[in-house]
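Okay, so here's the structure we're looking at.
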Amino acid sequence: MTDAELDRLADLIARALLERPSGAEENARPATWLPTPVRPAPPARGSEPPTWSGAAQELGDVAPSPGRGVSPRFRAATAELTRATRAAAAGKGPPPEQSARAPERSLTRQRAANAPVIDVRVGISKRHVHLSEADARALFGGSALSVARSLTQPGQFAAAETVAVHGPKGNLENIRVVGPARTETQLEIALSDAAVLGVAPPVAASGSLTDSIGGVTLVGPAGRVDLRRGVIVAARHLHLSPGDAKRWGLRDGDRLDVRCGVSPRAATLHDVLVRSGEGHATELHLDSDEARAVGVTTGDTATIVAWRSSSPSRRPLITEHDVVRLVREGARIPANAILTPSARDRASALGMLDP
Ligand SMILES: [Zn+2]
């Protein structure tokens, strides 16, 4: 306090003492010589945080949408995120690192109740084998595979030929060959098939054989082929035509939650991999185990209920409250964070922002 301020304070006290009421009045009022400080009651709006909390910002102020080129149907649910932002700003939301710890969850977006329903056709993939040209020759002799019927995916066909598969524990007969020939032989079976054979293949996307296993023998009319690798349980996936991918705002590599079947066996299948590009026709591919579990068959429809982008995880939203906490913990603000305006001010005042 400066001398001038001390003088002013002494003056105020003197004035207050002079104006002090006496007698009966003094008994009626509390003995005070300074006016009771009055803070105006902040306006409250229902259950929302009051406006002075700095929390009442629309998400659009914080994270403007990229604008053109983004389908409005597939933008983040603004109202929901705004609520989350307000809760976070009021100190009630989850801290940012918590959402960083569970990126999958934070990326899942439920489709809005009024969003158009996306139904897709279901196709059940029974156990089958794709053969390399060399393996096809070894199993069936010189002749090329003959087309029994064409499949939904353009260019693919079920061949007339079948093979038997011999595993360490048991055999499977009449495994359909699916053409055309591939660069590497791949046996796609369900987990119950794997149990019959006595092998434990990984669940993997068709075509990615890095983790696949061998240990089985393909047996054809002209010969046998021992597989050192190529056995997988195909991961559930949605083939998506380029047109549908564009229309629905989905991309190759995205993961979906898809509701399948009807009561009492209806279920939502998670982590349905989107495979999109030229040469894909829109169809949900499940294996025979999955189809039986949820009671669907080829030609049924399933409904996309949520999706996760394949792009890197969402940027964390940092509120002023988070900034204060990060300072206390001696932590830094994540480089990719989105800061609310008040958080930016506070961080800047604390020297936490790079110039
Ligand atoms: Zn498929």
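Residue numbers start at 1 and run along the sequence shown. Each ligand, and each atom within it, is numbered from 1 in the order the structure gives.
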Inset, instruction - Provide the protein N, O or S atoms situated under 2.8 Å from the Zn ion (ligand 1); waters are not included. - result: His237 NE2, His239 NE2, His285 ND1
Inset, instruction - Please tell me if the side chains of Cys260 and Leu284 come closer than 4.5 Å, counting only heavy atoms from C-beta onward. - result: yes
Legend entry - With Arg346 via salt bridge (Lys or Arg N to Asp or Glu O under 4.0 Å) - residues at least two apart: Glu320
Report, one line per pair, each donor and acceptor closer than 3.5 Å where one atom sits in a side chain of residues 212-219; sequence neighbours left out.
from: Ser212; atom 1: OG; to: Leu209; atom 2: O; distance (Å): 2.7
from: Ser212; atom 1: OG; to: Gly230; atom 2: N; distance (Å): 2.9
from: Thr217; atom 1: OG1; to: Asp226; atom 2: OD1; distance (Å): 2.7

Inset, instruction - State, without any angle test, whether Ser192 and Asp289 hold a side-chain donor-acceptor pair at a distance under 3.5 Å. - result: yes
Inset, instruction - Please name the residue in the list Glu184, Glu188, Gln156 that meets the side-chain hydrogen bond (donor to acceptor under 3.5 Å, both in side chains) test with His130. - result: Glu188
Inset, instruction - Apply ring-ring contact (aromatic ring centres under 6.0 Å, His included) to His166 and list each qualifying residue two or more places apart in sequence or on a separate chain. - result: none
